[in-house]
Amino acid sequence: MKGRQRLLALGGLFLVVLAVFVGWSVMSKPAAQAQGAKRTRIVFWHEMTGPAQQQLDTFVKDFNHSQHKYEVVPEFEGNYNEAVQKIINTHGTDASPAVFQSMDISTSQIHHTGYTTPVQKFIDADHYNVNQIAAGARAFYANKGTQLSMPFNTSQPVLYYNETLLKKYHITPPPVNPSYSDITRVATQLMDRSHKQVQGMTVEIYGWLFEQFMANAGVSLANHQDGHAGTPTAVNFTSPSTLTTMKWIQDNLKRGDFVNYGAGANAQNNETASFLSGRLGMFLQSSASIGQLTTGNHDQLGITYYPHPDGQKSNGVAIGGASLWISNDKSAHVQRGAWDFIKYLMTAKSQAQWQVATGYLALNQGSQKEAVLQKLYQKLPATKVPGEQLRAATPNATNSGIFLQGLIQERNLTQTAMEQIYNGSDIKKSLETAEKSMNSYIQGNNRANGY
């Protein structure tokens, strides 16, 4: 009996201990949840839609699972222009983001607000190897040796051609780094050998493409080295190489070897539809269009660098897209979380996944060794070309973007000039009119801002 009583006593003790343990375990769950709730909230504003937004949401989820200090909260803020205004209007309030995405042409505008902490501060503090990020992309978002923001969704302007059509008509494709004459040859041969069933080439009326022609010719659009050496006070749309470029397009339009699809979204949609249906042989557009041009397309896609003037080497073109900025109205701890998130997005693995999912370029040099990107290159070899173009160019003042407030105004004016030129107007007069209007705008803007 004593043994039995001892067993019962021990059993009772075991149950008590078990109850205490279970009770502690149950109570520990809310405690753990409370601990998780103490994560620092990092609000992230972006403008991505479709596959890019899906991949971005995946990055956020993976980052949040990878550490326990921060919780990134992604919020879609509309298109680029809408987001810029929201960023400016909410700064200093609880509604403002800790980290935000902003388009390329808003770089000078965002910098001059004084609302951000340059990422250079964190690069220096962490001894972060910024050289692992493509130099051409970094240069666009830097000013006087300071990295203002981190390039993220980055594209390059490239020339697309239908390689299957060229084979059909026994036409030698343009070289990887083509001159204007190289493009003219292919366009003319396409028109002639197809008996005008295939249009040779189109250059959309687009201020971004106008800027890229100047960049690749090594010509500054704005003085003070495109604004990299000081606030611009004037622009120059009438350099000899710019006149040559516009004459090249106009002459080909007159001969019928080039076709004019106009400007804006309709032009892009129409040129893409014509290209995919085999009625257009070549066109210039962002490398971010690769996914659209390869999905369901049975023809082989060819891609070259952006064309350059005859008789000179290509200087390289500027990037497009957007970068990531850190708001300075948040605490040091929140800003640190924003920087940690940016670093996560810029790893070799993340950048490789980003290019495969979206068509934007992988900016981390180590991404080229990632299996997921290698698989894409094996399937579609032409997708390597935009990144090779970016890495081939040595950054300089004329291919690293234009550090000028009012680039939307500049593009509107140059597009008007392009439209006039495409319709046969005098090239120099059209560009001089645009140049005069832009210089007047710059002078007024500089006076208003005390520059």
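Nothing fancy with the numbering, it's 1 onward along the sequence. Heavy-atom basis, side chains included; hydrogens, waters and symmetry copies ignored.
None of V219, V235, L221, N396 except one satisfies the side chain to side chain contact (heavy atoms under 4.5 Å, CB included) rule with D226; the exception is L221.
Checked against the 6.0 Å centroid threshold, F258 and W248 count as a close aromatic pair. Checked against the 6.0 Å centroid threshold, W339 and Y128 count as a close aromatic pair. Within the 6.0 Å centre-distance limit, the rings of Y451 and H112 are counted as a close aromatic pair. In this structure, F283 has its ring center closer than 6.0 angstrom to the ring center of F275. Taking the ring centroids of W45 and F76, they lie at or beyond the 6.0 Å cut-off.
There is a side-chain donor-acceptor pair under 3.5 Å between S323 and W325. N153 and Q101 are linked by a side-chain donor-acceptor pair at a separation below 3.5 angstrom, with hydrogens and angles left out of the test. A donor-acceptor pair shorter than 3.5 Å cannot be found between the side chains of S96 and T90. For the residue pair S239 and T242, a side-chain donor N or O sits within less than 3.5 Å of a side-chain acceptor on the partner. Q300 and K167 share a donor-acceptor pair across their side chains, judged by distance under 3.5 Å alone. D124 and Q120 are linked by a side-chain donor-acceptor pair at a separation below 3.5 angstrom, with hydrogens and angles left out of the test.
No more than 12 heavy atoms of other residues, nucleotides or ligands sit less than 6.0 Å from atom CD of E419. By the neighbour-count criterion of 12 heavy atoms within 6.0 Å, atom NZ of K86 is densely surrounded, having more than that number from other residues, nucleotides or ligands.
Ring geometry for F59 against W354 counts as tilted: the plane angle lies between 30° and 60°, on a 0 to 90° scale.
Counting only distance, with no hydrogens or angles, the side chain of H224 and the backbone of T231 share a donor-acceptor pair below 3.5 Å. Here the side chain of S440 pairs no donor or acceptor atom with the backbone of S437 at under 3.5 angstrom. Proximity of a side-chain donor or acceptor of N260 to a complementary backbone N or O of L253 within less than 3.5 Å is not detected. The closest donor-acceptor contact from the side chain of T433 to the backbone of K429 lies under 3.5 Å. No donor-acceptor pair under 3.5 Å is formed between the side chain of Q132 and the backbone N or O of N364. Panel note: side chain Q212, backbone V317; no donor-acceptor pair is recorded below 3.5 Å. Remark: side-chain polar atoms of D182 are paired, donor with acceptor, to backbone N or O of S179 under 3.5 angstrom. Remark: side-chain polar atoms of S367 are paired, donor with acceptor, to backbone N or O of A348 under 3.5 angstrom. Judged purely by atom type and a 3.5 angstrom limit, R185 uses its side chain to pair as donor or acceptor with the backbone of T172. In terms of modelled atom types and a separation under 3.5 Å, the side chain of T113 and the main chain of Y115 share a donor-acceptor contact.
When all heavy atoms of Y441 and G406 are compared, the pair lying nearest together is CE2-CA, 3.7 Å. Residues S155 and W208 come closest through the heavy atom pair OG-CH2, 4.4 Å. The minimum heavy-atom distance linking G281 with V198 is given by the pair N-CG1, 3.9 Å. Closest approach of I319 and D104 over heavy atoms only: O-OD2, 3.9 Å. Taking each heavy atom of G114 and N328 in turn, the nearest pair found is O-ND2, 2.8 Å.
Rounding to the nearest 0.5 Å places CZ of F403 at 11.0 Å from CD of Q109. With values rounded to the nearest 0.5 angstrom, Y306 atom OH is found 11.5 Å from Q156 atom CD. Annotation: the span from N315 atom CG to S241 atom OG amounts to 10.0 Å, rounded to 0.5 Å. The CG atom of N297 lies 7.5 Å from the OG1 atom of T164; values are rounded to the nearest 0.5 Å. Once rounded to the nearest 0.5 Å, the distance linking OG1 of T414 with CD of Q409 reads 10.0 Å. The CE atom of M103 lies 4.0 Å from the CG atom of N81; values are rounded to the nearest 0.5 Å.
Between D340 and K343 there is a salt bridge, since at least one side-chain N of the basic residue sits less than 4.0 Å from a carboxylate O of the acidic one. A salt bridge links R336 with D126: the closest approach of a Lys/Arg side-chain nitrogen to an acidic carboxylate oxygen falls below 4.0 angstrom.
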Mind running side chain to side chain contact (heavy atoms under 4.5 Å, CB included) on K375 and K379 for me, showing each step along the way?
CA-CA 6 Å; K375 185 177 179 181; K379 181 181 179 182; 5.9 Å; no
